[in-house]
Amino acid sequence: MAEFESKGSSNFIRNIIEEDIRNGVFGGRVHLRFPPEPNGYLHIGHAKSICLNFGLAAEYGGLCNLRFDDTNPTKEELEYVESIKEDIKWLGFDWGDREYYASDYFDQLYQYAVQLIKAGKAYVCDLSAEQIKEYRGTLTRPGRESPYRNRSVEENLDLFERMRAGEFEDGSRVLRAKIDMASPNLNMRDPVMYRILHAEHHRTGDKWCIYPTYDFTHGQSDSIEGITHSICTLEFEDHRPLYDWFLDELKIHHPKQIEFARLNLSHMVLSKRKLLALVEGGYVSGWDDPRMPTLSGFRRRGYTPASIRNFCERIGVAKRESVVDIALLEHCVREDLNKHAPRVMAVLNPLRVVIDNYPEGKRETLEALNNPEDPGMGTRKVPFSRVLYIEQDDFMENPPKKFYRLAPGREVRLRYAYFIRCVDVVKDQNTGEVKELHCTYDPATRGGDAPDGRRVKATLHWVSAQHAIPAEVRLYDHLFTVPAPKEEDEGADFTAYLNPHSLITLKSCRVEPSLQGAAPGSRYQFERLGYFCVDAFDSSDGWLVFNRTVTLKDAWAKIKKGQGLNPA
RNA sequence: UGGGGUGUCGUCAAGUGGUAAGACACGGGCCUUUGGAGCCCGCAUUCGGAGGUUCGAAUCCUCCCACCCCAGCCA
């Protein structure tokens with residue numbers, strides 16, 4: 001029998017799981033979980049973890065739970081749990097009825113704590129936060145034992161019960177594990193298990209005024225759920241000995257923890273702190289600003305769930321910290337959208353073109369392919385008339401080498417329409433700005449083919465002036481100008497690298513009439529320009545707003561850059 | 001100067017003693033009614049460095065170097 005149908009390349013986590021299955025560890029079961037804290041929005045880094053956990057579970061015929069690690073009522077909110085669930089569903093994963101909360105285990109956790117107290121492995125400590133810090137020692141100096149470390153089991157039990165009963169103030173006492181104040185691993189220097197927090201929890205209300213720390217919750221929660229492999233990020237590697245200690249002292253099911261490196265994306269920041277700073281500093285319009293790396297931002301930008309899943313598969317999983325080039329993500333959306341997005345013509349910066357020899361008042365309906373990649377997507381009608389708009393960038397009065405679009409005297413093809421030749425250029429008297437082009441068309445080239453076999457170097461997109469719909473288009477670009485927007489040594493912080501052109505709003509665009517009534521969120525390819533989607537919030541029946549998801553690969557832009565011309 | 005990790009192409013990343021996959025990016029070509037898409041070719045004599053073991057090392061050993069994480073009653 002075939003080993004495992006391996007999707008993508010192998011990685012160390014797959015290797016571990018496969019070996020465990022082979023050896024019958026955990027009875028061959030694979031049960032994973034995605035454990036977010038409901039204190040913020042999910043971003044693409046979380047997507048990596050979601051795809052990993054849910055993907056691995058599906059791959060090995062296992063299960064993946066969704067568990068909210070909600071142990072800190074002062075930071076967590078219902079709004080976040082809702083957004084997290086929505087984003088996971090959008091990404092395409094299903095946790096079935098296995099929606100859990102660490103807070104569901106508060107009673108059990110309390111019992112575990114009592115069990116450790118009774119075993120002489122935990123004690124109530126009256127030291128203040130500052131004192132605990134002092135007693136902890138440093139990286140190179142061992143800590144000192146708390147004077148409360150050797151209280152009797154009875155006293156500890158009594159004090160802990162009274163902590164729970166609300167007799168003490170926040171911060172006045174904590175429950176600590178009695179491990180080793182001299183351990184080189186600071187996590188083992190009698191870590192805090194419970195703290196007093198008179199705060200209302202979004203799920204348990206005011207039932208508790210003591211809350212377990214993450215360290216005393218996470219491992220046991222995985223254990224309670226029968227998780228086999230607890231996949232988490234690198235920074236928890238140092239905590240593993242502590243989780244092992246709790247699980248072993250408690251003598252309960254012991255999942256295997258595996259750590260991997262979190263995702264970093266070039267030209268972007270992914271830390272919660274920085275993302276929050278972007279939102280609060282007004283650098284972006286919110287958590288779902290299309291420039292944000294949040295799943296809600298990508299959704300609004302027009303990214304497809306499939307493209308993000310594919311990206312997460314392709315970046316791989318490893319322990320070395322790395323920065324993935326955002327070009328790979330962009331490649332993944334293009335790849336998906338190229339196959340599925342209907343094509344349409346839209347002119348972002350209109351330049352008026354009058355076809356001199358085309359009858360005034362005449363209108364024709366031309367047929368256009370909805371997707372050359374997929375004939376099954378059919379065709380549509382596009383109106384043509386005497387006055388058109390083309391892209392300003394598609395005309396140059398004095399074209400440089402390699403520019404083979406429209407220029408005085410030059411002939412080009414209008415996509416699905418006719419060959420046209422530029423015969424005159426109307427310019428603003430004062431500014432010299434090109435206001436309008438006069439062209440002639442060749443009636444014999446209807447549809448875009450010349451019966452005499454003559455060729456043109458370029459094909460331009462266009463819209464009929466009187467039929468086109470006005471629209472707003474938002475052009476998005478990388479949020480940062482540098483691959484790794486780090487903190488500067490002095491002065492500037494990471495916001496110094498914000499790209500001033502990350503959003504360009506165009507309000508005099510013209511799109512072909514078939515776009516009338518386009519559904520919010522629907523995605524299109526604007527031929528020769530890129531992929532765009534109807535903004536789900538700002539677009540309405542009367543005013544279409546499009547977000548640029550990603551540009552098409554642009555050979556001309558590259559040439560321009562090579563020639564040192566303004567990339568514009 | 002404690003402990004835990006990591007170092008393979010510009011960027012990710014396979015590789016687990018038998019003679020460096022793949023992807024993105026990049027360069028070149030073909031094709032083209034999107035300068036899109038697609039297709040083809042090229043792209044690490046070398047795996048952080050230095051020694052060593054071996055017929056043979058990115059893989060084993062030794063030493064060294066660099067980078068990341070840890071001193072929250074955050075997760």
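Order of the sequence lines fixes the chain letters, A, B, ..., with proteins taken first and strands second; residue numbering starts at 1 for each chain. Since we're looking at a predicted model, the values are computed, not measured.
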Between B:rG15 and A:Ser10, is there an OP1 or OP2 to side-chain N/O distance shorter than 4.0 Å?
-> yes

- Item | A:Asp69 side chain to A:Tyr101 side chain, donor-acceptor N/O pair below 3.5 angstrom | no

inquiry  = Students often get this wrong, so: under 4.0 angstrom with heavy atoms, is A:Lys558 touching a base, only sugar-phosphate, or nothing?
reply    = sugar-phosphate

Counting primed atoms, P, OP1 and OP2 as sugar-phosphate and everything else as base, the B/S/- map of nucleotides 34-40 of chain B against protein heavy atoms under 4.0 Å is BBBS---

Residue set satisfying salt bridge (charged side-chain N to carboxylate O under 4.0 Å, His left out) with A:Arg262, at least two apart, ordered chain then number -> A:Glu235

The glycosidic conformation of B:rG4, counting syn as within 90° of 0 and anti otherwise, is anti

**OP:** Would you indicate, yes or no, if B:rG15 has its OP1 or OP2 atom less than 4.0 angstrom from a side-chain nitrogen or oxygen of A:Asn15?
**Re:** yes

Cationic tip of A:Lys486 above A:Phe494 ring, under 6.0 Å, 45° of axis:
no

Ring-face cation contact, A:Tyr100 with A:Arg67, 6.0 Å cut, 45° max: no

Quick tally for nucleotides 5-12 of chain B: nucleotides whose base has a protein heavy atom under 4.0 Å get B, sugar-phosphate-only ones S, the rest -, giving SSSB--SS

message = Using a 4.0 Å heavy-atom cut-off, does A:Asn72 contact any base of the nucleic acid, only the sugar-phosphate backbone, or nothing at all?
response = sugar-phosphate

| field | Heavy-atom donor-acceptor pair, A:Asn185 side-chain to B:rG4 base, under 3.5 Å | value | no

(message) Looking only at the aromatic ring of each residue, does the gap between the centers of A:Phe532 and A:Tyr524 stay below 6.0 angstrom?
(response) no

Do the ring planes of A:Phe236 and A:Tyr214 sit parallel (below 30°), tilted (30 to 60°) or perpendicular (above 60°)? tilted

